[in-house]
Amino acid sequence: MVSISKDSEVLESWQQVLAPYNIGYRIKLLSQLLTRKFTEKLEPFGLTPFHWLVLCCLWEEDGLPTSSIGDKLKQVGGTLTGVLDRMEERGLVRRERDIHDRRIWRIWLTDAGKELETVLPPLAAELRDEAMSGISPSEKELFSQLLNRAITNLS
């Protein structure tokens, strides 16, 4: 039989990998909180965080093939197709066949989709500033670099 003090030492040694103390759990919690708050900010526009991600891709480079958007967002086609369907219904994007390869569908922003580029990024910046309140610029940069490294390590 293991003594209580021995059990306590074992638990203490594992505390950084046990929920709710491990980094994966805390990153998931942060993601859920950010998603919930961002969803609230996007709700008046009838958008979801996934719509935001697609818009960001297209603001960066309009006319991307569907597969390129999926690659950038690490999404499977079925999920992205449904999102693009809803965005097209809302008049935010339009699909066109590629003029050189008819198998490829390119996604283009409509005027309504382009107009959101002046409206939505400030909302995202507000949320980022709220989440990073009290964190110095150098700590923010380090946090971003560490997240990128961890993502690269697991990719």
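For the numbers below, each heavy atom of this structure counts, side chains included, while hydrogens, waters and symmetry mates do not.
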Quick check: do [X] and [Y] have side-chain heavy atoms less than 4.5 Å from each other?
{"X": "C57", "Y": "L73", "answer": "yes"}
{"X": "R149", "Y": "L146", "answer": "yes"}
{"X": "W108", "Y": "R95", "answer": "no"}

What residues form a side chain to side chain donor-acceptor pair (under 3.5 Å) with D62, not counting sequence neighbours?
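With sequence neighbours excluded, D62 shows a side chain to side chain donor-acceptor pair (under 3.5 Å) to no residue whatsoever.
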Side-chain donor or acceptor of [X] paired with backbone N/O of [Y] under 3.5 Å:
{"X": "T118", "Y": "E115", "result": "yes"}
{"X": "R102", "Y": "D98", "result": "no"}
{"X": "S68", "Y": "L64", "result": "no"}

Are L42 and V119 grouped together when hydrophobic residues (ILVMFWY) are joined by side-chain heavy atoms under 4.5 angstrom apart?
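Linked within one cluster.
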Grouping I, L, V, M, F, W and Y whenever their side-chain heavy atoms are under 4.5 Å apart, do F45 and L84 come out in a common cluster?
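Yes, one cluster joins them.
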Minimum heavy-atom separation for [X] to [Y], with atom names?
{"X": "V54", "Y": "L80", "answer": "CG2-CD1, 3.9 Å"}
{"X": "R106", "Y": "G63", "answer": "NH1-O, 2.8 Å"}
{"X": "A112", "Y": "G91", "answer": "CB-O, 3.6 Å"}
{"X": "L123", "Y": "K41", "answer": "O-CD, 3.6 Å"}

Output a table of donor-acceptor pairs, distance under 3.5 Å, between side-chain atoms of residues 25-34 and any protein atom two or more places apart or on a different chain; print 'none' if there are none.
from : atom 1 : to  : atom 2 : distance (Å)
R26  : NE     : Y21 : O      : 3.0
R26  : NE     : N22 : O      : 3.4
R26  : NH2    : Y21 : O      : 3.3

Rounded at 0.5 Å granularity, tell me how far [atom1] in [X] sits from [atom2] in [Y].
{"X": "L55", "Y": "L109", "atom1": "CG", "atom2": "CG", "value": "6.5 Å"}
{"X": "H51", "Y": "C56", "atom1": "NE2", "atom2": "SG", "value": "13.0 Å"}
{"X": "K140", "Y": "I135", "atom1": "NZ", "atom2": "CD1", "value": "7.0 Å"}
{"X": "I104", "Y": "R97", "atom1": "CD1", "atom2": "CZ", "value": "10.5 Å"}
{"X": "R128", "Y": "F38", "atom1": "CZ", "atom2": "CZ", "value": "11.5 Å"}

Can you check side-chain contact (heavy atoms from CB on, under 4.5 Å) on W59 and L116, steps first, answer last?
CA-CA 10 Å; W59 291 330; L116 289 173; 3.9 Å; yes
Run the numbers on L47 and L120 for side-chain contact (heavy atoms from CB on, under 4.5 Å), then give the verdict.
CA-CA 10 Å; L47 300 173; L120 298 181; 3.6 Å; yes
Under the criterion side-chain contact (heavy atoms from CB on, under 4.5 Å), I'd like the reasoning laid out for T48 against W52: C-alpha separation, chi angles, the key distance, then a yes or no.
CA-CA 6 Å; T48 68; W52 158 258; over 6 Å; no
Test of understanding: with salt bridge (charged side-chain N to carboxylate O under 4.0 Å, His left out), list the residues that count as partners of K114, not counting sequence neighbours.
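Residues passing salt bridge (charged side-chain N to carboxylate O under 4.0 Å, His left out) with K114: none at all.
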Near D129 CG, under 6.0 Å, is it more than 12 heavy atoms from other residues, nucleotides or ligands?
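Correct, the count exceeds 12.
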For K37, does the NZ atom have more than 12 heavy-atom neighbours from other residues, nucleotides or ligands under 6.0 Å away?
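It does not: K37 NZ has 12 such atoms or fewer within range.
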Are side-chain N/O atoms of E139 and S136 paired as donor and acceptor at under 3.5 Å?
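Yes, S136 and E139 have a side-chain donor paired with an acceptor closer than 3.5 Å.
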Closer than 4.0 angstrom, basic N to acidic O: yes or no for E96 and R94?
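A salt bridge links E96 with R94.
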Trace of the side-chain contact (heavy atoms from CB on, under 4.5 Å) decision for T81 with D85:
CA-CA 6 Å; T81 299; D85 287 345; 4.1 Å; yes
